[in-house]
Structure formats: C-alpha cells, structure tokens
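Structure record follows, encoded as structure tokens.
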Amino acid sequence: MTTTPTAGTAGTPGTPGTPGTPGSEPDRLPRVLRALAVVERLGNALPHPFWLFWILAAILGVTSAGLAAAGVSVVSPADGEEVVVQNLLSGEGLAMAVSTAIDNFATFGPMGTIVAVIMGVAIAERTGFLAAAMKVSVSRVPVSWVVFAVAFAGTVSHVASAAAYIILVPLGGLAFRAVGKSPILGVVVAYTSIASGYDASPVPTPNDAIFAGITTEAARMIDPTAYVSPVSNWYFNIGSSLLLAIVITLVTNLVLAKRPDLDADPDADLDDVEGLELSPRDRSALRAAMISGLVAMLAVVAVVLPPSSPLRGEGGSLTESPFLDGIAAIVAVLFALVGIVYGWRSGAITTAADVPRLMAEGVRQMAPVLVLFFAIAQFLAYFDWTHIGDVIAVNSAEALESTGVPIWAVFLAILALLSLVNVLVTSGSAMWALAAPIVVPMLMLLDVPAETTQALFRIADSGSTAITPMSPYFIMALGFLQRYRKSAGIGTLASYTLPLAVCMTLAWTCLFFAWWALGIPLGPGAPVR
C-alpha cells in the first residue's frame with residue numbers, strides 16, 4: 001500500500017535521507033529546496049484553474065473597458081481593416097456573453113476530439129491492455145537496457161494520460177529491482193520520463209488533440225481558415241521521445257547511479273518482482289491485440305496509400321485531407337480495437353454491453369477536464385471578442401521587428417517564461433489556453449507557423465513538471481518512493497529529478513533549434529518555418 005506523504009515529509013531537520021540534513025545525504029540543494037518551498041506556497045495560494053479563468057475574465061473586462069475608452073485599435077494583418085478594442089462590460093459585451101455561452105462550449109476546439117479519443121483509449125486502459133503492454137516493455141530487456149526501456153516506456157505511456165503515473169511508476173521500481181538495480185532509481189526514472197517528457201510521445205495522445213484545438217482557436221485570430229491537426233507535431237514528438245530516453249539513460253548511469261544513497265530501507269515494503277509477469281492468458285491476449293492493431297494499421301495505410309483514395313484531399317494531397325481531419329477518430333478506433341481484442345481474450349470483456357460501459361467510464365474520468373473546458377471556452381471567446389489579443393499580437397510583433405530581436409531569442413524568452421509559469425500552473429491545457437491567444441498570433445505575424453509555437457510550448461509544459469511539488473503526480477510519485485525509503489520527502493524526490501529535468505529541457509531545446517535550422521517538417525503537412 002502506498003504511504004500517503006504529508007507536508008511534514010518535506011525535509012524535517014534531522015530526518016535521515018532528506019537533502020540538507022546532517023548525517024545523511026550531502027547538503028547538495030539547499031537553495032533549490034528553499035525555492036521549491038516558496039513555489040509550493042505560491043502555488044497553494046492560487047485558485048483552482050476553473051476559478052482562475054473566471055477571475056481572468058473579470059480582469060479582462062476591466063482592461064477592455066479602459067482600452068475601449070481610450071480608443072485603442074490596430075490594423076488587422078488579415079484584411080487591413082482597423083480593429084478596435086471592444087468593452088466586455090458594455091451592454092453589447094453582456095449580450096455576447098449570454099447568447100454565446102452554450103455555443104462557446106459546444107464548439108470549443110478540443111471538446112469533440114478529446115471525448116472521441118478518450119472513449120477509445122478508455123477501452124484499451126480499462127481492459128488492462130495498456131498496463132500489460134507497459135509490463136512487457138520494461139520486463140523483457142537486458143540489464144544494460146533497462147534504464148532506456150523504462151524511460152522510453154514513459155514517453156509512450158502518455159497515451160494513457162494520468163493513468164501512466166499509476167501504472168508505470170511502480171513498474172519502474174519493480175523493473176530495476178528485478179535486474180539488481182536500485183528500485184528508488186527505477187521510480188525516479190519512470191516518474192521523470194513521464195512528467196518531464198509529458199508532451200513527447202511517439203504515439204498520438206489525448207493531449208495532442210487538446211493542444212491542437214487550442215492552437216487552432218488562437219491561430220484563427222490571424223488566419224480564419226487556420227487548422228492545426230492533432231498530429232501536427234508527430235515527427236517532432238517521435239524524435240523528442242527518443243532523445244529524451246537517451247538523455248535520461250545517460251544522466252541516470254553517469255550521475256544518479258553514482259549517488260551513495262540508493263539503497264532501500266532494510267524493512268521497506270518491497271513488491272513481488274513477479275508482479276512484472278503476465279499470466280499465460282494475458283500474454284495470449286496481448287499477442288492477439290497487438291496483431292489485430294498491426295493488421296488494422298496496415299489496412300489504414302492500404303486505404304490511404306493510393307493517390308485516388310477517398311481519404312486524400314484535392315489532387316491526392318495528404319496535408320489537407322479527410323484522413324488528417326479524422327485522424328483523432330482513427331486513433332480512437334485503433335485503441336478501441338486492441339482494447340476489445342485484449343479484453344475479449346483476457347476475460348475483461350464478456351459481453352458486448354461491456355464496451356460502451358468502459359467508454360462511459362473513460363468519459364466520466366474526463367469530467368473535471370470538461371468542466372475546466374467550459375471556463376476556458378468562455379474566457380477565450382471573451383478574449384477574442386474584445387480584440388485585445390489582436391492589439392497585443394500586432395504591437396508585440398511590430399516591436400520585435402523594429403528592434404531587430406532575432407527569432408531564436410524570442411523563442412528562448414517564450415520558453416523561459418512558459419517554463420516558469422508551468423511550475424505554478426501544472427495543467428497543460430490551462431496554461432496553453434492562457435498563452436496561446438497571445439504567443440501564437442504574435443509569432444504568426446513574424447512568419448512562425450502555429451505548429452512551431454505549439455512545439456515550443458511542449459518543451460515548456462514538460463521540463464519543469466518533474467520538480468514542482470504543485471503537481472499532484474509529484475506527491476503520488478513520492479508515495480511510491482516511500483515504499484522503498486519511508487523517510488523520503490519532497491526534497492529527496494526533487495534532488496533526484498532535478499538533474500534529469502534540467503538535462504532533458506536543455507537537450508529538448510537544442511533539438512527544437514536543430515529542427516528549426518534544418519527545416520524538418522514537424523508533422524504531416526506542418527512545416528517548421
């Protein structure tokens with residue numbers, strides 16, 4: 001059973017195994033731990049993201065009233081027309097807010113896509129397919145490859161969303177212990193690969209659908225016809241997941257593995273290594289599911305490959321085609337298929353009625369996100385209606401052009417700012433909903449595609465996640481760590497994850513700039529510049 005961490009675990013003086021205490025670990029990170037304590041206090045003072053967006057809407061109303069009274073306006077780069085800031089607190093603003101509330105929510109970009117994807121992924125998760133696949137991926141590798149295997153599995157596991165932490169973090173400890181390595185290190189590697197690589201996955205995930213929808217809404221402030229596909233960063237994600245797994249492997253073997261404090265407590269609650277093994281029935285089910293998934297993917301390729309395919313666009317184009325428009329639905333069906341086959345063979349699905357039940361459970365699990373989407377959708381609609389985003393984007397772009405700031409410096413500034421925000425606002429959808437309406441249009445006016453800005457955001461949204469105690473999964477990972485060291489606290493986990501998170505962010509940033517310099521497409525129909 002996971003020990004529930006409490007506030008008192010965060011580095012109580014004299015506690016063995018906590019950085020900064022005499023007689024145990026070296027006093028390595030006192031400033032970092034003090035900074036983490038400040039972050040925790042600041043983060044705890046923030047309201048729930050749902051209320052945060054309504055507070056921001058109120059601030060937006062007051063700001064729009066002042067700017068409208070001052071007659072602030074800009075010339076729209078889209079059509080050359082003058083765009084004047086509108087007062088959200090006026091009668092027109094009130095009428096807009098009331099009359100469009102339902103439409104704002106119903107037509108919010110990520111809504112339909114994320115629900116469809118979740119219904120498919122839910123079947124794969126709740127039948128046990130995803131857990132079985134993760135077990136196999138980390139249990140059948142040579143000792144020398146176990147770090148890379150767990151790290152890469154962490155990037156793939158994002159398809160399971162939050163369930164990735166619950167499934168893979170304890171498996172990481174088991175996998176390391178099974179090959180004679182420290183289970184503490186296994187927990188750290190699994191957690192950090194998920195948290196600080198959360199937006200890098202070789203497999204399309206629900207987050208891809210959410211981010212693409214928000215990016216599309218922001219891009220349409222400049223180009224009303226803009227559309228960002230859920231796979232618009234797919235190529236970049238594949239490269240990122242491989243790079244991050246390599247970086248985690250190197251830092252773990254060269255730095256973390258040399259720490260003198262990797263032994264578990266003598267009386268630690270050690271799990272049975274046999275927990276990594278699948279029963280013969282589950283192995284057979286997994287094999288059947290993987291074969292069915294492979295056959296289905298080959299069938300999709302066979303249908304899309306011919307230039308005359310009905311899933312291609314005009315002139316046989318793939319970049320603007322029914323295939324890419326419906327990629328989220330295809331992904332959902334593929335996950336549903338492997339989940340159904342696995343569930344049927346393993347016994348998790350016994351009747352046809354089990355399938356819609358599992359889909360409903362998946363949607364029910366998304367209820368908190370859907371509630372947050374309601375607030376986000378209203379805020380974005382208000383922001384768009386006031387035209388404040390146009391004013392900020394145009395004036396910022398003109399200022400950057402006039403000062404001659406190189407685009408790489410702009411990228412670094414945005415990356416640094418969003419990384420700091422991510423420490424406090426750990427919800428990726430909430431942070432991107434706040435940032436996208438400003439940075440996407442601004443960079444589009446500097447000839448930076450919306451897909452490129454989204455790729456940059458992925459780095460900021462992931463890198464600092466593994467070190468912030470504001471993430472609920474940080475506390476969850478601490479609970480798993482306490483299975484092996486009961487005295488571990490927030491500082492203990494942060495001291496392990498910090499080197500990994502920093503190196504991952506630096507390497508990922510370098511990859512982004514290399515991708516940009518070489519002009520490699522970020523995904524199907526998504527040029528980087």
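All residue numbers refer to positions in the sequence shown, counting from 1.
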* To do: Check step by step if salt bridge (charged side-chain N to carboxylate O under 4.0 Å, His left out) holds for R458 and D208.
  => CA-CA 10 Å; R458 289 177 179 276; D208 293 326; 2.8 Å; yes
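Between A226 and T216, the shortest heavy-atom distance links the atoms O-CG2, 3.5 Å. Considering every non-hydrogen atom in both V439 and W432, the closest pair reads CG2-CZ3, 3.9 Å. A pairwise comparison of heavy atoms in A455 and N233 identifies N-OD1, 3.5 Å as the closest pair.
Ring-centre distance between F236 and W515: below the 6.0 Å cut-off. Taking the six-membered ring where the residue is Trp, the centroids of F512 and F411 are separated by under 6.0 Å. Side-chain rings of W145 and F148 approach one another, their centers coming within less than 6.0 Å.
Atoms OG1 and OH, on T155 and Y198 in that order, are 12.5 Å from each other to the nearest 0.5 Å. Distance check: L500 CG to T252 OG1 gives 4.5 Å after rounding to the nearest 0.5 Å. Distance check: I214 CD1 to I376 CD1 gives 5.5 Å after rounding to the nearest 0.5 Å.
With sequence neighbours excluded, no residue forms a salt bridge (charged side-chain N to carboxylate O under 4.0 Å, His left out) with R345. Scanning for side-chain hydrogen bond (donor to acceptor under 3.5 Å, both in side chains) contacts around S232 gives Q454, with sequence neighbours left out. Residues forming a ring-ring contact (aromatic ring centres under 6.0 Å, His included) with W234 (at least two apart in sequence, or on another chain): none.
Counting heavy atoms from C-beta outward, M290 and V338 have side chains that stay 4.5 Å or more apart.
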Can you give me every donor-acceptor pair (side chain of residues 167-176, partner residue at least two apart or in another chain, under 3.5 Å) with its distance?
none

Donor-acceptor pairs under 3.5 Å, side chain of residues 516-529 to any protein atom, not counting sequence neighbours: which ones?
{"residue": "R529", "atom": "NE", "partner": "W516", "partner atom": "O", "Å": "2.5"}
{"residue": "R529", "atom": "NH2", "partner": "A517", "partner atom": "O", "Å": "2.9"}

Would you tabulate the side-chain donor-acceptor contacts of residues 503-511 under 3.5 Å, counting partners in other chains and residues two or more places apart, or write 'none'?
{"residue": "T505", "atom": "OG1", "partner": "A501", "partner atom": "O", "Å": "2.9"}
{"residue": "W508", "atom": "NE1", "partner": "S240", "partner atom": "OG", "Å": "2.8"}
{"residue": "T509", "atom": "OG1", "partner": "T505", "partner atom": "O", "Å": "2.7"}

